[in-house]
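For ligands, and for the atoms within them, numbers begin at 1 and follow the listed sequence. Counting begins at 1 with the first residue of the sequence.
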Amino acid sequence: MASISAVKGMNDILPKDVWRWHHIERVFQDVAATYGFREVRTPIVEPTQLFLRSIGEATDIVEKEMYSFVDKGDDALTIRPEGTASAVRAYIEHSVHADEPISKWYYLGPMFRRERPARGRYRQFYQAGVEVFGDAGPFVDAEVIALAVRILEKLGIQDIEVLLNSLGTGDTKARYREKLLTYLTPFSESLSPDSKRRLGTNPLRVLDSKIEKDREICQNAPRLHDVLTDEDRAHFDSVKNVLTRLGIRFREDANLVRGLDYYSRTLFEIQGRGGELGAQNALCGGGRYDGLMRELGGQDLPSIGFAMGLERLLLAMGESKEPQSMDVALVVEPGNAESDLRLDAAAFADSLRALGLRVESDLRGQSLKSQFRRADRIGAAFVVLFAGNEWKSGRVKVKDLAAHAEQEFELSLVPQHLLEKIAGKK
Ligand code: HAM
């Protein structure tokens, strides 16, 4: 019978690789906690309306990429393409603002977009994101960007560039949209098909087209920064000042728009260049979305956040060796399957685990050679050898595999010895 493969663009993460994911998740959680962020978990499936009203109907995500379906109860549902909309929905639904004026949330989990799969671009991918509700900035804008940079630094991702822009408030954005439309409309026949289409729906997106001809046309387009109000400008200047004071390097990019409609004012993207990253080099994207809460039926509360793609972080980090995964492998002289030797070894393994040690025991009666090979393969730090002769006098050998050292002990003294040695190695 033909075998079944995973859905295109959706990947298995096998146990041999999961440690990398745990590492990233732990670093993200630890650094986010130092900034006062707490985890939120929201459903993976949401009403389709949520994304139409937040991400925007004229975006690539909503137009082409959402996994939407009507369930058996005739509800229109979507498997989430991102986490911000859900976080805002949950914040409103649980009236969180009544309990705390400022909330700092983070989330980790899979997102789904039906994009064309490529290195660093998948249909199921994992995001680690943060959202802050109730603070209009500019200090928090810089703090959120700093948090993203510190996480990347902690992961050893050095070769990054922070791109920064300001879109102004919703009103500014609307005024700019009109200006841009007036400028671009005469060029509409020369624009790429995608940009031509966007002209009618979301002209700001034409600005971040990657097509050479579109870029040329955009070079003389009116600049958003020219229509920023004094307040928008003062906010943006303050964000830049604080970032400079925090030692965060950035580059202003007036064409940075990003593909979601809800943004206003501060917008940023962190790109990576190292490791095995290819064209999909956006490691992290985020910004302010001060109008979204009201748009989704909540209070008029300012908000800002970002999300980073875990697969891309892994690519940027490159290869590294799995840290020691097992503490102890028991190696037991083969012989009678139900011998007291094997029973003692099973009980001993159990007692070590109760002390918190990671212990593998192969009690199938394999040859000593194959058991030692396995100990090596699983990365055990120590081997405890149960061999008939020593065992009869209540003794076992303990081998430190890295140090190539071996010592014989009375069995009852081994747990303490291992605990001390292993604590010393960590
Ligand atoms: P986004 O730019 O769509 O923003 O996604 C954020 C990050 O998720 C990207 O920079 C990238 O690392 C990763 N990512 C996106 N799509 C894919 C994909 N198909 N495959 C692999 N990785 C991908 C958002 O999602 C916003 N919700 C971020 C945000 C939070 N803004 C404010 N708060």
For Thr84, the ligand 1 atoms with a heavy-atom partner under 4.0 Å come out as 26 (C), 27 (N), 29 (C), 30 (C), 31 (N), 32 (C), 33 (N)
Can you list the steps and then say if Phe125 with Phe112 is a ring-ring contact (aromatic ring centres under 6.0 Å, His included)?
CA-CA 6 Å; Phe125 58 97; Phe112 301 81; 8.0 Å; no
Side chain, backbone, both or neither: which part of Arg123 has a heavy atom under 4.0 Å from ligand 1?
neither
Under 4.0 Å to a heavy atom of Gly286 - the qualifying atoms of ligand 1, by number
31 (N)
If the contact criterion is a heavy-atom separation under 4.0 Å, does Tyr126 count as touching ligand 1?
no
Under-4.0 Å heavy-atom contact with ligand 1, by part of Leu260 that carries it:
side chain
Counting each atom of ligand 1 from 1 as listed, which ones have a heavy atom of Glu131 under 4.0 Å away?
30 (C), 32 (C), 33 (N)
Counting from 1, what ligand 1 atoms have a heavy atom of Gly120 closer than 4.0 Å?
20 (N), 21 (C), 22 (N)
Going by distance alone, is a donor N or O of one side chain under 3.5 Å from an acceptor N or O of the other, for Gln124 and Tyr126?
yes
In ligand 1, the atoms that come under 4.0 Å of a heavy atom of Gly285 are 10 (O), 28 (C), 29 (C)
Close-contact set for ligand 1 against Glu115 heavy atoms, below 4.0 Å
16 (N), 17 (C), 18 (C), 19 (N)
Can you confirm whether the side chains of Thr229 and Asp232 place a donor and an acceptor under 3.5 Å from each other?
yes
If we set the cut-off at 4.0 Å for heavy atoms, which region of Met111 has an atom near ligand 1: side chain, backbone, both, or neither?
neither
Under 4.0 Å, heavy atoms only, figure out whether ligand 1 is touched by the backbone of Phe306, its side chain, both or neither.
backbone
Would you say ligand 1 has an N or O under 3.5 Å from any N or O of Arg113?
yes
Will you find, in the side chains of Gln416 and Glu420, an N or O donor that is under 3.5 Å from an N or O acceptor?
yes
Are side-chain N/O atoms of Thr42 and Tyr107 paired as donor and acceptor at under 3.5 Å?
no
Side chains of Asn165 and His225: any donor to acceptor distance under 3.5 Å?
yes
Is there a donor-acceptor contact under 3.5 Å linking the side chains of Thr169 and Thr172?
yes
As an exercise, identify every atom of ligand 1 less than 4.0 angstrom from a heavy atom of Ala282.
9 (C), 10 (O), 11 (C), 12 (O)
Of Arg114, Gln127, Arg119, which has the heavy atom at the shortest distance from atom 24 (C) of ligand 1?
Gln127
Under a 4.0 angstrom heavy-atom cut-off, which atoms of ligand 1 come close to Tyr263?
26 (C), 28 (C), 29 (C), 31 (N), 32 (C)
Test the Lys179-Tyr183 pair against the cation-pi criterion, namely NZ or CZ under 6.0 angstrom from the six-membered ring centroid and within 45° of the ring axis.
no
Any donor-acceptor N or O pair under 3.5 Å, side chains Glu131, Tyr106
no
Hey, is Cys284 touching ligand 1 through its side chain, its backbone, both or neither, going by heavy atoms under 4.0 Å?
backbone
Would you check the N or O atoms of Tyr262, main chain and side chain alike, for any that come under 3.5 Å of an N or O of ligand 1?
yes
Residues Thr59 and Asp261: side-chain donor-acceptor under 3.5 angstrom
no
